[in-house]
Amino acid sequence: MDYQALAELLYPSVQHDCDYYEAKYPERNLPEGAKVLRFAPSPTGYLHLGGVYQVMCDERLAHLSGGVFMLRIEDTDSKRELADGIRVITDGISKFGIQIDEGMTPDGEKGAYGPYRQSQRAEIYHTFAKKLVAEGKAYPCFCNEERLSAMRAEQEAKKVNPGYYGEYAACRDLSLEEVKAHLDNGDKFVLRFRACPTGERPEFTDCVRGRIDVPENDVDMVLIKSDGIPVYHFAHVVDDHLMRTTHVVRGEEWLATLPLHVQLFDAMGWKRPEYIHTATIMKIDNGGKRKLSKRKDPEAAVEYFFTEGYPREALIDYLLMLLNSNYEEWRAANPDASYEAFPYSVEKMSNSGCLFDFNKLYDISKNVISRMDAKTAYASSTLWSANYDAEWHSLFTADPEKAIAILSIGRGGEKPRKDIGLWKELPAYAGFFFEERFDPDYSPLLGYDKADVEKVLAEYSALYQPEDDQTTWFGRIKELAVSLGYAPDTKTWKKNKESYKGHAGDVSMFLRVAVTGRTNSPDLCEVMRILGKEKVAERLEKAASYIKEKE
RNA sequence: GGCCCGUUGGUCAAGCGGCUAAGACACCGCCCUUUCACGGCGGUAACAGGAGUUCGAUUCUCCUACGGGUCACCA
C-alpha cells in the first residue's frame, strides 16, 4: 500500500507540512516551572458550575506558576452549538474576575497560538491527519450509519466488545483503487486511527490519582468526521501540542479515553501533557447521587448563582474549598486575604466526587458578605440588583448615602452581623427603611398591655433625640419602662417577675414593631437614626392608630 | 454487561502502620443579649463488609458490596 499516495488522495489541498506549524507555534519562552493550561468548553449556551470549578484550577496553576491561562472553544459539533455560546462563557468567566491571558476573551481573540476556535483550525488538523495517513497510522472509512449499527447489533448478539476494530474494521485495508472509486463516487469518509495493540497495558500517571492501570485501546476511533471536522480526541491532541499546553485539567469522565489519547500522542511522536482529572460535583436526587445536569438542576449553570445574588468571592471560596482540601483552613486563618494569596497545589486536590452543599455555600457567602465594608457591600449588592432586581435597585440607589448607612449597621469590628447570605435577601431585610416597601405587621403589639403600648407610642416621640449615643438612647427607654412599672433590665425582672409587668426589652419591642413593622431588626437605635426623627414619629403614630382601630 | 475510578459522621473533609480518629457546615442544648443576627461553651454522629500481611491496621494486599464514570461521525 502506498500510504503517501493515499494521503495525497485524501488531502490534496493541504498547503503546509507539519514542520510549518511546529515553527509557527514554537515552544513557549516561559520561566522554569511555568504552567500552560487551558479551559476548553463547548459553546452549548451556558457555563456549567463544574466548568468554573475547572477554570479555578486552570487559572490558579497557571498564574501561580507565572504561566498562561487560555480559553479555547471546542466548537466541533455544530449540532449542539448555540449562537451566543462563546459570549456566555467569556462573560461568565469575567464575572468571576478571572483574567484570560490568551484565546477567546471578553475583548475578542488574542494570542499567538490561535485560532482558538476549533472550527477555524480545519487546515491544521488536516495537515496532521495527512501525516498520519502517510505513515499508515490512519485510514479512510466509508462505512455508513446503517453498516455501523448492523455491526453493533452483531457485536451485541455475540456479546463481544462493541466498536470498530479487528475483523469488524471493514475499511481498514481498502486498496488505493477502492478508495479512489469511493471518492470518485462522491462518497464521504471519516478518518480512522489505525490502532495497533501491542498487548501491553499502558501505564500513565494522573496528577491527582497517581498510577492508572487500564487496558490499551484497540478500537479504530474516528479522528475526523465526514464533514472534515475532527472529533474531540484528535483536536485535543493536536491543539494541546501546538498550543504547548503543559497541564490538561478536565473532568474524570475523560479518564476512560485516556488510553486513546496516549496512543495518539505516541503516534504523533509528541510528548504528552500532564493530566489532572477532576472529581465530579454531584447532587442528591431521589436518594441517589448524580452529576449536576443542565436540564434538571438550575444550579448547574453559574448564572443561577448570580441571579440569587451570591457574591463571586463566595463562589470562588466554595469552589476552592472543594478543589483544595486545605483551603478552608487557610481561609479561616486569613479571612481578609484574596484567594490569590492561597498556595494552591495539585497534591491537595480531592479525587472523589462530592455533593454540592448549599448550606455550606450559604454559610461561606454569609461570612464573605459580613466581612465586606459598607461601601464594598453597597457595590456588590448593587451589582446584583442592577441585573436582577431593577425595582429594588432604583429604590436602593436613589440615596446611596442612606443605602450605605443601612449596610453599615453592625458592620466592621470583631463580630459583624451576618444577616444576609445572598443579595436577593437584601430587599426583605432592608425594605422597611423605604416607605414603598414598608409593610408593617403590628399584630405582635396586641400581645401586650394595650394602655402601656399606647402610652409608649404616644410619649416616645418627645423623648427621642437622634444625637443620643447607644447608652443614652437605651437609658431613655429604660426610664420610660420603669415609669410604667417595667423592670429596667432582664436580670432584675428575672429575679422578681411578680413585681413587674415585664422589662425594658418589652418596651423597646413596642418601638421596634412600630418603627420597623416586625419583631426582629438590626440595632434599633441605628435604625431610628437612619430614618430620622420625623419618620420615627410618623411611624409611631401609624402604629398607634392601628391599636386604636383594634378597640 | 465489559472496562475504569472511588468509598472516614447527614455533607465537605484531616489522617499517609501505633491518635481518646481533627476541623468546617447542618442539627440539638446551654450562656451572652433590648429583638434578631452574631459570639462563647458543650453535645449527637464516621473509618462499607470479609479475609490476609503485621506485634499492631482507617492507613498495605485481595475479594465482595455499594456509588460514580465510560463504552458515538457529542464533548
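All of these numbers come straight from a predicted model, not from anything done at the bench. Side chains are part of it too, since the values below use all heavy atoms of this structure and drop only hydrogens, waters and symmetry mates. Protein chains get the first letters and strands the later ones, always in sequence-line order, with residue 1 at the start of each.
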**Request:** Between B/rA45 and B/rU61, how far apart are the P atoms? Round to whole Å, please.
**Result:** 31 Å
**Message:** At under 4.0 Å between heavy atoms, how does the protein contact nucleotides 25-32 of chain B? Give one character per nucleotide, 5' to 3', with B, S or -.
**Reply:** SS------
**Item:** Spacing of A/Ile281 atom CD1 relative to B/rG6 atom C1', expressed in whole Å
**Value:** 16 Å
**Message:** I want to check one thing: is the phosphate of B/rG40, taken as OP1 and OP2, less than 4.0 Å away from some side-chain N or O of A/Lys415?
**Reply:** no
**Fill in**
With sequence neighbours left out, the residues meeting side chain to side chain donor-acceptor pair (under 3.5 Å) with A/Asp213 are A/Arg201
**Prompt:** Do A/Gln118 and A/Asp239 get their side chains close enough for a donor-acceptor pair, meaning under 3.5 Å?
**Reply:** yes
**Asked** Touch check for A/Ser350, heavy atoms < 4.0 angstrom, all strands: base, sugar-phosphate only, or nothing?
**Response** sugar-phosphate
**Asked** Whole Å only: how far is the CZ atom of A/Phe204 from the C1' atom of B/rC5?
**Response** 12 Å
**Message:** Checking A/Glu81 against A/Thr44: is there a side-chain donor and acceptor pair closer than 3.5 Å?
**Reply:** no
**Nearest-Å distance once atom C1' is located in both B/rC47 and B/rC28** = 25 Å
**Asked** How far, in whole Å, is B/rU59 from B/rU8 if one measures between their P atoms?
**Response** 13 Å
**Request:** Identify whether NZ of Lys or CZ of Arg in A/Lys497 sits under 6.0 Å from the centre of the six-membered ring of A/Trp493 and within 45° of that ring's axis.
**Result:** yes
**Request:** With sequence neighbours left out, write down each residue that passes side chain to side chain donor-acceptor pair (under 3.5 Å) with A/Asp227, or none if nothing qualifies.
**Result:** none
**Message:** I want to verify a distance call: between B/rG2, B/rG39, B/rU35, whose nearest atom is closest to the A/Lys418 side chain?
**Reply:** B/rG39
**Request:** Identify the residue among A/Arg72, A/Arg250, A/Arg272 that makes a salt bridge (charged side-chain N to carboxylate O under 4.0 Å, His left out) with A/Asp240.
**Result:** A/Arg72
**Item:** Candidates B/rC3, B/rC5, B/rU34 - which lies nearest the side chain of A/Trp473
**Value:** B/rU34
**Request:** May I have the distance from A/Glu347 (atom CD) to B/rG15 (atom C1'), rounded to whole angstrom?
**Result:** 17 Å
**Message:** If a pair means Watson-Crick or G-U wobble with both distances below 3.5 Å, what does RNA chain B look like in dot-bracket form, with | marking bases paired to a different strand?
**Reply:** ((((((((.[[[..)..(....]]].(((((.......)))))....[[[[[..)....]]]]])))))))....
**Asked** What is the distance from CD1 of A/Ile477 to P of B/rU34, rounded to the nearest Å?
**Response** 11 Å
**Request:** Using a heavy-atom cut-off of under 4.0 Å over every strand shown, decide if A/Gln470 touches base, sugar-phosphate, or nothing.
**Result:** base
**Message:** For A/Tyr46, does the six-membered ring have the charged nitrogen or CZ of A/Lys294 within the cation-pi criterion, i.e. under 6.0 angstrom from the centroid and within 45° of the normal?
**Reply:** yes
**Atom C1', compared across B/rU44 and B/rC27: separation rounded to whole Å** = 9 Å
**Item:** A/Ser521 side chain to A/Arg512 side chain, donor-acceptor N/O pair below 3.5 angstrom
**Value:** yes
**Message:** If you only use heavy atoms from C-beta on, which nucleotide in B/rC12, B/rU34, B/rU7 is closest to the side chain of A/Asn351?
**Reply:** B/rU7
**Message:** Between B/rG6 and B/rC19, how many Å separate the two C1' atoms, rounded to a whole number?
**Reply:** 26 Å
**Prompt:** Say you pick atom C1' in B/rU64 and the same atom in B/rA21; how far apart are they, in whole Å?
**Reply:** 26 Å
**Item:** 5′-ward residue of the pair A/Arg209/A/Gly353 relative to RNA chain B
**Value:** A/Arg209
**Request:** Spell out yes or no: do the side chain of A/Arg512 and the base of B/rU34 have one donor N/O and one acceptor N/O closer than 3.5 Å?
**Result:** yes
**Prompt:** Between A/Tyr11 and A/His126, what is the ring plane arrangement, given parallel below 30°, perpendicular above 60°, and tilted in between?
**Reply:** tilted
**Complete:** Atom CD of A/Glu425 and atom P of B/rC36 are separated, to the nearest Å, by 18 Å
**Message:** So A/Arg201, base contact, sugar-phosphate only, or nothing? Heavy-atom distance under 4.0 Å.
**Reply:** sugar-phosphate
**Item:** Nearest heavy atoms of A/Asn367 and A/Lys418, plus distance in Å
**Value:** OD1-NZ, 2.6 Å
**Fill in**
Nearest-nucleotide check on RNA chain B, A/Pro416 vs A/Glu329; residue mapping nearer the 5' end is A/Glu329
**Prompt:** Do we get A/Arg518 above A/Phe432's six-membered ring, with its NZ or CZ under 6.0 Å from the centre and within 45° of the axis?
**Reply:** no
**Prompt:** Could you give the CE-to-P distance, from A/Met349 to B/rC16, as a whole number of Å?
**Reply:** 22 Å
**Fill in**
From CD of A/Glu526 across to P of B/rU34 the rounded distance in Å is 16 Å
**Message:** If I pick the P atom on B/rA46 and the same atom on B/rG23, what distance separates them, to the nearest angstrom?
**Reply:** 15 Å
**Request:** Provide, to the nearest angstrom, the distance between the CZ atom belonging to A/Arg518 and the P atom belonging to B/rA37.
**Result:** 12 Å
**Item:** C1' gap between B/rA26 and B/rC63, integer Å
**Value:** 37 Å
**Item:** A/Tyr232 and A/Trp254 aromatic centres sub-6.0 Å
**Value:** yes
**Asked** Between A/His236 and A/Phe265, does the ring centre distance come in under 6.0 Å?
**Response** yes
**Request:** Would you classify A/Ser325 as touching base, sugar-phosphate or nothing, given that sugar-phosphate means primed atoms plus P, OP1 and OP2, and contacts are heavy atoms under 4.0 Å?
**Result:** sugar-phosphate
**Request:** List the protein contact pattern of nucleotides 69-75 of chain B with one symbol per nucleotide (5' to 3'): B for base contact, S for sugar-phosphate-only contact, - for none; contact means a heavy-atom distance under 4.0 Å.
**Result:** SSS-BBB
**Pairing residues for A/Arg147 by the salt bridge (charged side-chain N to carboxylate O under 4.0 Å, His left out) criterion, not counting sequence neighbours** = none
**Asked** If you look at every strand shown and take non-hydrogen atoms under 4.0 Å, does A/Thr490 touch a base, only sugar-phosphate, or nothing?
**Response** sugar-phosphate
